[in-house]
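Please read the structure below before turning to the comments.
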Amino acid sequence: MKVVPPSFFKHDAVLVAQKLLGSVIRYKSCSGMIVETEAYRADPASHAYRITPRSAIMRDTSGHWYVYFVYGMHHCMNITTNSIGEPGAVLIRALEPLEGVELMKKRRGTDDARSLCSGPGKLCEALGVDRRLNGTAVGERMHVERFRRMGARSIAATPRIGINEGKEHLWRFFVKGSAFVSKTKQEERSYKK
DNA sequence: TATTGGATCGCC
DNA sequence: GCGATCCAATAG
């Protein structure tokens, strides 16, 4: 698979978030195809709305991993975007597991392939990612490679999840029909039936 | 230094 | 619907 070059990320987060769908994230022995993303600029829902020591990476880098810890128990991984000085990042929200599935099942404590990486906290746990990856360049320790080509017709857009402001922006993107995207409570219930 | 709430998840 | 559980951000 072809490695994604740094220039790929030097564009607006809303564009990069869509173009990342169908690419593969590889970390150690595990990999998965990106099926769901969200874009963050310096808007009110973004960590970069106010630049802090934590969020400065969104302004000061492009093509680097921004990994943070939330709710006392979960990690979220982003890739910083835009040109230097212009804040932006893409949150990776779901992967279709490809390689290392057995290890992912072990880490996640489930055999259900659809539950392994269907959420930002889940996929970090499945891949064994924590804040030690924060600030590393894409391709340094965790990699992104071209895999599938996703046309505009196969991409859906909705408001971002878990935010209170900026709901007018349809900056969450996912692969239509994928069984591996994160699920709402309602979707979760109907799937179990 | 103290307080508050979070780009989540899984169980009740 | 709610609790878990740590830490970054902000206020004092």
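All of these numbers come straight from a predicted model, not from anything done at the bench. All chains are named by letter (A, B, ...) in the order of the sequence lines, taking the proteins before the strands, and each is independently numbered beginning at 1.
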Check: What stem regions, each of at least 3 consecutive Watson-Crick or G-U pairs below 3.5 Å, can be found for DNA chain B?
Finding: B:1-6 with C:6-11, B:8-11 with C:1-4
Notebook entry, point to check: To the nearest angstrom, how far is H75(A) atom NE2 from dC7(C) atom C1'?
Noted result: 11 Å
Note to self: Quick check: do Y49(A) and D43(A) have side-chain heavy atoms less than 4.5 Å from each other?
What the structure shows: no
Margin query: Counting only side-chain nitrogens and oxygens, does K183(A) get under 4.0 Å of the OP1 or OP2 atom of dC9(B)?
Written below: no
Check: In this structure, are over 12 heavy atoms from other groups packed under 6.0 Å from K106(A) atom NZ?
Finding: no
Side-chain donor/acceptor pairs under 3.5 Å, residues 125-132 of chain A, sequence neighbours excluded:
| unit_1 | atom_1 | unit_2 | atom_2 | d |
| --- | --- | --- | --- | --- |
| E125(A) | OE1 | R108(A) | NH1 | 2.8 |
| D130(A) | OD1 | R132(A) | N | 2.9 |
| D130(A) | OD1 | R132(A) | NE | 3.1 |
| D130(A) | OD2 | R132(A) | NE | 3.2 |
| D130(A) | OD2 | R132(A) | NH2 | 2.8 |

Check: Between dA9(C), dT5(C), dT8(B), which nucleotide has the shortest distance from any of its atoms to the side chain of M73(A)?
Finding: dT5(C)
Notebook entry, point to check: Which ring-ring contact (aromatic ring centres under 6.0 Å, His included) pairs, counting each pair once, include a residue from residues 75-108 of chain A, with sequence neighbours left out?
Noted result: F69(A)-H75(A)
Check: Base, backbone or nothing for each nucleotide of nucleotides 2-7 of chain B, written B, S, -, heavy atoms under 4.0 angstrom, 5' to 3'?
Finding: ----BB
Note to self: Can you tell me if K105(A) has over 12 outside heavy atoms packed within less than 6.0 Å of its NZ?
What the structure shows: yes
Notebook entry, point to check: Do any side-chain nitrogens or oxygens of R131(A) fall under 4.0 Å of OP1 or OP2 in dA8(C)?
Noted result: yes
Next item on the list: Share the residues that join V70(A) in a hydrophobic cluster, the rule being Ile, Leu, Val, Met, Phe, Trp or Tyr side chains under 4.5 Å apart at the heavy-atom level.
Entry: Y40(A), I57(A), M58(A), Y66(A), Y68(A), Y71(A), L91(A), I163(A)
Notebook entry, point to check: Do S182(A) and E36(A) get their side chains close enough for a donor-acceptor pair, meaning under 3.5 Å?
Noted result: yes
Check: Are any non-hydrogen side-chain atoms of E38(A) and C76(A) less than 4.5 angstrom apart?
Finding: no
Next item on the list: Nearest whole angstrom, please: distance from the P of dG10(B) to the CG of L123(A).
Entry: 12 Å
Next item on the list: Check the distance between dC7(C)'s C1' and N134(A)'s CG and give it to me in whole angstrom.
Entry: 14 Å
Margin query: In whole Å, measure the gap between the C1' atoms of dG5(B) and dC2(C) for me.
Written below: 15 Å
Checklist line | Pairs involving residues 132-170 of chain A, ordered by first then second residue, that meet ring-ring contact (aromatic ring centres under 6.0 Å, His included) (sequence neighbours left out) | finding: H169(A)-W171(A)
Margin query: Using whole Å, what does the distance between atom C1' of nucleotide dT8(B) and atom CD of E125(A) come to?
Written below: 11 Å
